[in-house]
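To start, the structure under review is shown below, and the notes come after it.
Order of listing sets the numbers, starting from 1, for every ligand and every atom in it.
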Amino acid sequence: MKNKIIAGNWKMNKTRAEAAALIEELIPLVSNTSNTVIICVPFTDLELAIRLTEGSNVHVGAQNCHWKESGAYTGEIAPSMLKEMGVEYVVIGHSERRTYFGETDATVLARTKAALNAGLKPIVCIGETLSERKEGEMEAVLTRQVVEGFKDVTAEELTNIIVAYEPVWAIGTGVTATDEQANDAIKYVRSVFARKYGKVAADALYIQYGGSMNDGNAKGLLSMSDVDGGLIGGASLVAAKFAAIVHAHE
Ligand code: PGA
């Protein structure tokens with residue numbers, strides 16, 4: 001059986017002082033888990049997070065990276081810059097970036113490839129909106145996001161990728177997908193990967209659920225057959241809540 005990968009997505013939260021307090025509280029709470037623990041923090045907290053988590057089982061990720069190695073891209077960060085710091089993971093294509101910052105399947109693919117080339121492990125987010133689900137377009141949207149967003153990704157590269165299925169209607173809303181909705185959607189996503197990469201590779205792929213996962217619902221969600229972990233926003237900002245999710249299924 002796979003262990004679970006539990007990643008916190010802090011989004012645009014936590015000053016350095018706040019980050020230090022949260023990380024110091026979190027480390028002892030999760031030190032004995034068999035699950036993988038990742039915190040994806042703002043760029044300004046990365047150096048601190050890497051330093052404070054040294055020697056612990058908490059891994060550090062960023063929340064975005066550009067697809068070019070360097071150049072005139074004001075405000076962007078290159079994957080090699082993250083790698084040099086000691087960052088291991090990077091969230092790519094979060095729905096907030098797709099909605100507010102013009103992220104498309106093509107830019108998701110470009111960022112993912114660049115992250116992989118730099119030796120980072122991308123956490124690639126996909127998921128349908130409420131209207132897409134209501135219109136019966138969920139499967140078509142997820143298929144497009146996988147087919148287009150992973151177009152040039154090789155089977156070998158896929159082994160370094162985590163996918164996060166995050167229904168947009170469940171993110172930050174307090175409305176969680178039911179255990180079955182999450183599992184069914186992830187099963188579907190896995191079947192799309194299987195068409196391209198084969199069943200063995202698709203079964204080995206880690207696919208997380210994200211969207212209002214918390215210390216109350218994590219056990220049910222993480223107990224489902226195809227839910228390989230969680231990408232947690234709000235509840236990752238409180239050490240005790242995030243730790244409870246980490247320990248919900250081990
Ligand atoms: P949420 O966010 O847990 O606050 O819903 C999840 C995410 O956006 O990754």
Polar atom proximity, Gly233 to ligand 1 (N or O, under 3.5 Å): yes
Under 3.5 Å donor-acceptor, Asn160 side chain and Glu157 backbone: no
Salt bridge (Lys or Arg N to Asp or Glu O under 4.0 Å) between Arg190 and Asp226, intermediate numbers included: CA-CA 8 Å; Arg190 204 179 293 287; Asp226 276 62; 2.7 Å; yes
Sub-3.5 Å N/O-N/O distance, Ile171 and ligand 1: no
Region of Asn9 that comes within reach of ligand 1 [heavy atoms, distance under 4.0 Å]: side chain
From Ile77, Ile92, Val91, residue fulfilling side-chain contact (heavy atoms from CB on, under 4.5 Å) relative to Cys65: Ile92
Same cluster (ILVMFWY, side-chain, under 4.5 Å), Ile162 and Val58: no
Among Gln208, Lys187, Glu128, side chain to side chain donor-acceptor pair (under 3.5 Å) partner for Tyr165: Glu128
Spatial distance of atom CG (Asp105) from atom CZ (Arg144) [nearest 0.5 Å]: 4.5 Å
For Gly234, the ligand 1 atoms whose distance to one of its heavy atoms is below 4.0 Å: 1 (P), 3 (O), 4 (O)
Proximity flag Gly211 to ligand 1, non-hydrogen atoms under 4.0 Å: yes
Heteroatom distance test (Thr173, ligand 1): nitrogen or oxygen, under 3.5 angstrom: no
Heavy-atom nearest neighbour in the protein, as seen from atom 2 (O) of ligand 1, with distance rounded to 0.1 Å: Lys11 NZ, 3.2 Å
Residue part near ligand 1, for Ser236, under 4.0 Å between non-hydrogen atoms: neither
Contact with ligand 1 for Ser212, non-hydrogen, under 4.0 angstrom: yes
Numbered atoms and elements of ligand 1 in range of Ala170, under 4.0 angstrom, heavy atoms: 5 (O)
Step-by-step salt bridge (Lys or Arg N to Asp or Glu O under 4.0 Å) determination, Lys68 to Glu76: CA-CA 9 Å; Lys68 286 285 173 75; Glu76 291 287 331; over 6 Å; no
Element-labelled atoms of ligand 1 that are located less than 4.0 Å from some non-hydrogen atom of His94: 7 (C), 8 (O), 9 (O)
Side-chain (Arg98) to main-chain (Gly93) donor-acceptor, under 3.5 angstrom: yes
Ligand-side contact atoms (ligand 1) for residue partner Leu231, heavy atom cut-off under 4.0 Å: 6 (C), 9 (O)
Protein heavy atom at shortest distance from atom 9 (O) of ligand 1: Glu166 OE2, 2.6 Å
Ligand-residue contact atoms, ligand 1 with Gly172, heavy atoms, under 4.0 Å: 1 (P), 4 (O), 5 (O)
Salt bridge Lys2-Asp228, side-chain N to carboxylate O under 4.0 Å: yes
